[in-house]
2 protein chains.
Amino acid sequence: MEDYNDKQLSIITVAERLFAEKGFHGTSVRDIAQEADVNIAMISYYFGSKDKLLEAVFRHRMYASRAFINELVQNDTMAPLEKIYSLIDRFINKMLNEQNFQCIMSREQLNKEQSPVRDLIWQLKGEMLGLMRPIVTNAQDAGTFTTDVDVEMLLTTLFGTIHQTIPAQHVLRTYPENAHMNDEEFKEYLRLRLSTHLKKLFKAILTHEF
Amino acid sequence: MEDYNDKQLSIITVAERLFAEKGFHGTSVRDIAQEADVNIAMISYYFGSKDKLLEAVFRHRMYASRAFINELVQNDTMAPLEKIYSLIDRFINKMLNEQNFQCIMSREQLNKEQSPVRDLIWQLKGEMLGLMRPIVTNAQDAGTFTTDVDVEMLLTTLFGTIHQTIPAQHVLRTYPENAHMNDEEFKEYLRLRLSTHLKKLFKAILTHEF
DNA sequence: TTGTTTTAATTAAACGTTTGTTTAACTTTG
DNA sequence: CAAAGTTAAACAAACGTTTAATTAAAACAA
């Protein structure tokens, strides 16, 4: 698994970008072939079909997501809130670094009919929850965090806020006060704003006594 | 404006559902015509094109959204936090009652190329922000709310959390602990869970001293 | 009311493209 | 020489849209 040659990787990369920009059905295999500079037939030859190509795009990023989960620091000297902060920053970085993939996820999770891709999405979300829940519950048992918090909804808030911010970028970019920034500065500005907001939010609800 | 006959309304309603379920490009005009029980040509006849039909679906719901904004209670005897609570509940109700439209919004806001529909979305979001900001800033001036809160991001969190919850329903529904509920009970359970979570979240960040 | 004319609604069929996929011939590689 | 890679061309199916013919409704004059 995961041993793609240059041409295959080029197809996957271009497909990811186009699927993100115009949606799966809004992108034709001819679009992909042209931008990846390969013959149309190569897509079927390497991936079997357009649907299988989408699956390949997914599984490609999924490996990175699995790695992300596994390399979680098990540093027990860290305070619970610091762990949460670290988790938030890692989520933000990951999502801002793979915006195209996150766009596809946002789209595909809306499909009502079951599909391999849809199953993969919710499987991944379940794994992310398994990452966050023990941190919270351990801190709750230790009396550091408040007990009446819905961890599943908290993760939904984390994902939702970041996923909403991704498409909002193009609007924020047009604000006159952001006009002076170049792409790198703007990305950093966005990262900081998201990070600050989410950390405040999580600190408030996790440590605020009602 | 907004004076559609039964057949036109039927087309709009069916189109809204199918666009939400399978996406704009994933839905053919033949699908829509068949489910709405009209001839294919009637879609072009009434709306001009498939794109214009999507616009019609949008403008149709947009009127309701504008009405939603305007009928905001200007009750000044309400405490700021109560106003926020009321706003949250109204957002949740609105979004759960027009899930198909919210699905389409989630999808269409991801499109990178500018379009009339995309413009309408961000225009609407701006208006929602104009609804929430004065409540917060007034309470900040009065010393009731903390001052270091990013209102724009807070609205992003509100939208994002609800928008993430909509597709999550199908997964939640399969949980064994939710199997006993009928559709109405489940919808109420969802509404309550969202409401409780978001109110706690907003109260914590708006009143918690750092 | 009547018959007539104009407008709107509705239809099946056809339009020209574009779609995803396959074929069969060809080139490169090992 | 065999296997893998690559290509232009062709494939049938589906796409959004239009056409031309027909029916229904509305408007109007007698």
Side-chain angles (χ1 to χ4, degrees), chain A residues 1-60 104 107-108 111-113 115-118, chain B residues 1-60 104 107-108 111-113 115-118:
Chain A
M1 283 278 179
E2 271 305 272
D3 46 349
Y4 293 124
N5 61 38
D6 288 355
K7 200 160 270 192
Q8 287 170 314
L9 273 176
S10 169
I11 294 173
I12 287 183
T13 306
V14 169
E16 183 183 56
R17 197 186 78 242
L18 293 183
F19 287 160
E21 286 177 2
K22 315 195 287 180
F24 177 73
H25 291 291
T27 306
S28 73
V29 290
R30 281 172 180 80
D31 291 339
I32 299 169
Q34 186 175 3
E35 295 218 22
D37 199 32
V38 300
N39 191 280
I40 325 166
M42 296 307 289
I43 291 174
S44 293
Y45 178 74
Y46 277 133
F47 300 97
S49 69
K50 191 188 174 190
D51 288 83
K52 297 271 187 63
L53 172 58
L54 176 61
E55 263 193 71
V57 170
F58 246 84
R59 294 187 193 282
H60 182 60
I104 301 178
R107 279 207 165 92
E108 295 303 317
N111 289 348
K112 289 222 170 152
E113 49 191 278
S115 71
V117 164
R118 217 195 67 158
Chain B
M1 283 277 180
E2 271 303 272
D3 46 349
Y4 294 124
N5 60 38
D6 289 355
K7 202 161 269 192
Q8 287 169 315
L9 274 176
S10 169
I11 293 173
I12 287 183
T13 306
V14 169
E16 183 182 56
R17 198 185 76 242
L18 293 183
F19 287 159
E21 289 177 0
K22 313 195 287 179
F24 177 72
H25 290 293
T27 306
S28 74
V29 290
R30 283 173 178 81
D31 291 339
I32 299 170
Q34 187 175 3
E35 294 217 21
D37 200 33
V38 300
N39 191 281
I40 324 168
M42 295 307 288
I43 291 174
S44 293
Y45 178 73
Y46 276 133
F47 300 97
S49 68
K50 192 188 173 190
D51 288 83
K52 297 271 187 63
L53 172 58
L54 176 61
E55 264 194 69
V57 169
F58 247 84
R59 294 186 193 282
H60 181 60
I104 299 178
R107 279 207 163 93
E108 296 302 317
N111 288 351
K112 289 219 170 153
E113 48 192 281
S115 72
V117 164
R118 219 196 65 160

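Labels below follow one simple rule: chain letters A, B, ... track the order of the sequence lines, proteins then strands, and each chain is numbered from 1. Not measured: the values here are computed from a predicted model.
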Exercise for the section: Answer yes or no: is there a side-chain heavy-atom contact under 4.5 Å between B/L53 and B/I32? Expected result: yes
Practice task
Check side chain to side chain contact (heavy atoms under 4.5 Å, CB included) between B/S44 and all other residues, then give those that pass, not counting sequence neighbours.
Solution key: none
Fill in the blank from the handout: Residues passing the side-chain hydrogen bond (donor to acceptor under 3.5 Å, both in side chains) test with A/E21, sequence neighbours excluded, are none
Completion exercise
side-chain hydrogen bond (donor to acceptor under 3.5 Å, both in side chains) filter on B/R107, not counting sequence neighbours, yields A/N111
Handout entry: Overall bend - the helix from C/dG3-D/dC28 to C/dG30-D/dC1, comparing terminal axes fitted on five pairs, nearest 10 degrees
Key = 10°
Fill in the blank from the handout: With a 4.0 Å cut-off (strictly under) to non-hydrogen atoms of chain A, the first and last hit nts on DNA chain D, 5' to 3', are D/dA4 to D/dA10
Practice task
For each nucleotide in nucleotides 21-30 of chain C, reading 5' to 3', give B when a protein heavy atom comes within less than 4.0 Å of its base, S when such contact involves only the sugar-phosphate, and - otherwise.
Solution key: BB--------
Completion exercise
Sorted by position of nearest nucleotide on DNA chain D, 5' first, the leading residue of B/T27 and A/Y46 is A/Y46
Practice task
Would you mind reporting whether A/L54 and A/I104 have side-chain heavy atoms less than 4.5 Å apart?
Solution key: yes
Exercise for the section: Go through B/F47 and B/I12 one step at a time and tell me if the side chain to side chain contact (heavy atoms under 4.5 Å, CB included) criterion holds. Expected result: CA-CA 10 Å; B/F47 300 97; B/I12 287 183; 3.7 Å; yes
Exercise for the section: Please identify each residue that fulfils side-chain hydrogen bond (donor to acceptor under 3.5 Å, both in side chains) with A/K22, with sequence neighbours left out. Expected result: A/D31
Handout entry: With B/F24 via ring pair (Phe, Tyr, Trp, His ring centres under 6.0 Å) - residues at least two apart
Key = B/F19
Handout entry: Any residue meeting side-chain hydrogen bond (donor to acceptor under 3.5 Å, both in side chains) with A/N39, in chain and number order, not counting sequence neighbours
Key = none
Problem - ring pair (Phe, Tyr, Trp, His ring centres under 6.0 Å) partners for A/F58, two or more places apart - result: A/F101
Problem - DNA chain D contacts made by residues 6-21 of chain B, counting heavy atoms under 4.0 Å - result: none
Problem - Heavy-atom closest pair, residues A/R118 and A/E113 - result: CD-O, 4.0 Å
Handout entry: Pairs meeting criterion side chain to side chain donor-acceptor pair (under 3.5 Å) with involvement of residues 8-20 of chain A, two or more places apart
Key = A/N5-A/Q8, A/E16-A/R61, A/R17-A/E35
